[in-house]
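The basis for the numbers below is simple: all heavy atoms, side chains too, and nothing from hydrogens, waters or symmetry mates. In each ligand, atom 1 is the first atom listed, and ligand 1 is the first ligand listed.
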Amino acid sequence: MDLENRSIIITGASSGIGAAAALLFAAEGANVVLGARRSVELEAFAGSINRGNGRAVYLSGDVKDKGYADALVDLATKEFGGLHGAFNNAGIVGEMGPIPDMGLANWNDVISVNLTAAFLAAKAQIPAMTKQGGGSIVFTSSFVGFSNGGMPGMGAYAASKAGLIGLVQSLASDHAAEGVRINALLPGGTVTPAGGEGNPDVLEFIANLHPMKRMASAKEIAQAAVFLLSDRSSFMTGSPMIVDGGMSVRLT
Ligand code: NAP
């Protein structure tokens, strides 16, 4: 198992990619700390992992709060004796529309959840990992804001996800010598509630943007996160890892 006895925080674990990651990381031997705002869903996923001989705890909260980032690290340390990995994956799309029509409140909200929360997570997680000799942190970015990802009406989201890549590169260079690897994962369109799940027209539109003519399953993205969190990616840091069904190499 690729994550045996690793203690790993997963945010956005109540739904979509984060929920699939929680189940897969546990199946790969990790002890997982699940985070998101909705506690009913977190409790259900943690319960299912624990009944299946995995180890999971959860704590609900808002990734915009510094205290929540610290509390997740404290929980991992208390329950599992330290912190080896983090999949900082919580995110929102926010309201869509051209920037001239977009309210500042929406801009601020999207930047806070998708980018400022990454700053808070890094501040909490890196010292815990350096103290024990290293670790691996993965931030979920997106094909939006990257090559061929100029999606209309997604200015705030694109800015937040492109900003994450810059943050990851700087963090990676600052902490590589301490043994902390920090990478970004850039999913293409993925079938989740945020990715249009339940809306066949949206799913078809997004699927057709990809050279593979389909969207990813949440598990396919979680598999890439397992790779980045495991020793199989031991020489990778500061990388924007694209898992997008060819979106970034499409011609038009
Ligand atoms: P999702 O099913 O809507 O999941 C989003 C998760 O983020 C939920 O667990 C949600 O939990 C959590 N979350 C949102 N705001 C939060 C907050 N303020 N504090 C704590 N948790 C919060 O969407 P998804 O598609 O799995 O998205 C996961 C990540 O992948 C996001 O960063 C997204 O931008 C990225 N991504 C998605 C796609 C796609 O096509 N689906 C493509 C590229 C990148 P609560 O509501 O319970 O708080």
Which ligand 1 atoms does Ile92 reach within 4.0 Å, using its non-hydrogen atoms? 14 (C), 15 (N)
Considering only protein heavy atoms, which is closest to atom 8 (C) of ligand 1, and at what distance to one decimal place? Ser14 OG, 3.6 Å
Shortest protein contact, atom 34 (O) of ligand 1 (heavy atom only): Tyr157 OH, 2.6 Å
Quick note on ligand 1: atoms under 4.0 Å from a heavy atom of Gly16 include exactly 2 (O), 26 (O)
Donor-acceptor contact below 3.5 Å, side chain Ser170 vs main chain Leu167: no
For ligand 1, which atoms sit closer than 4.0 Å to a heavy atom of Gly61? 19 (N), 20 (C)
In the protein, what heavy atom is nearest to atom 19 (N) of ligand 1, and what distance, to one decimal place, separates them? Val63 N, 3.0 Å
If you measure every N/O of Lys64 against every N/O of ligand 1, is any gap under 3.5 Å? no
Going through the distances and angles, do Ser248 and Asp244 end up as a side-chain hydrogen bond (donor to acceptor under 3.5 Å, both in side chains)? CA-CA 7 Å; Ser248 60; Asp244 72 350; 3.2 Å; yes
Between the side chain of Ser233 and the main-chain N/O of Met236, is any donor-acceptor distance below 3.5 Å? no
Is Asp62 close enough to touch ligand 1? Criterion: a residue heavy atom under 4.0 Å from a ligand atom. yes
Using atom types as modelled and distance alone, determine if a side-chain donor or acceptor of Ser173 lies under 3.5 Å from a backbone N or O of Leu171. no
In terms of atom number and element, which parts of ligand 1 are under 4.0 angstrom from non-hydrogen atoms of Ser15? 1 (P), 2 (O), 4 (O), 8 (C), 9 (O)
Answer whether the closest heavy-atom distance between the side chains of Ile92 and Asp109 falls below 4.5 Å. yes
Of the listed options Gly189, Pro193, Ala36, Gly35, closest to atom 21 (N) of ligand 1 (non-hydrogen atoms): Ala36
Check ligand 1 against Ala194 and write out every atom of the ligand that is under 4.0 Å from a heavy-atom position of the residue. 1 (P), 3 (O), 23 (O), 25 (O)
Among non-hydrogen protein atoms, atom 15 (N) of ligand 1 lies closest to Arg37 NH2, 3.3 Å
Taking atom 40 (O) of ligand 1 as the reference point, the nearest protein heavy atom with its distance: Thr190 N, 2.8 Å
To the nearest 0.1 Å, how far is atom 6 (C) of ligand 1 from its closest protein heavy atom, and which atom is that? Gly12 CA, 3.5 Å
Got a salt bridge between Arg214 and Glu220, using NZ or NE/NH1/NH2 to carboxylate O under 4.0 Å? yes
If we only consider heavy atoms of Met215, is any one of them less than 4.0 Å away from an atom in ligand 1? no
Check ligand 1 against Gly91 and write out every atom of the ligand that is under 4.0 Å from a heavy-atom position of the residue. 5 (C), 7 (O), 14 (C), 31 (C), 32 (O)
Can we say Asp231 and Arg181 salt-bridge, meaning some charged N sits less than 4.0 Å from an Asp/Glu carboxylate O? no
salt_bridge(Lys66, Asp70) N-O dist < 4.0 Å: yes
Do any N or O atoms from the side chain of Thr237 and from the backbone of Ile182 form a donor-acceptor pair under 3.5 angstrom? yes
Pick, from Gly188, Ser142, Gly195, the option with the minimum heavy-atom distance to atom 38 (C) of ligand 1. Gly188
Report yes if the side chains of Met151 and Phe143 come closer than 4.5 Å at any heavy-atom pair, otherwise no. yes
If we ignore hydrogens and angles and just use 3.5 Å, is the side chain of Tyr58 paired with the main-chain N or O of Ala36 as donor and acceptor? no
Does one hydrophobic cluster hold both Trp107 and Val63, with members joined at side-chain heavy-atom distances below 4.5 Å? yes
What protein heavy atom sits nearest atom 25 (O) of ligand 1, and how far away is it? Thr192 OG1, 2.6 Å
Would you indicate which of Thr140, Ile17, Asn89, Val144 comes nearest to atom 31 (C) of ligand 1 when only heavy atoms are counted? Asn89
Kindly identify the option in Gly18, Ser141, Ala90, Ala22 whose heavy atom sits closest to atom 44 (C) of ligand 1. Ser141
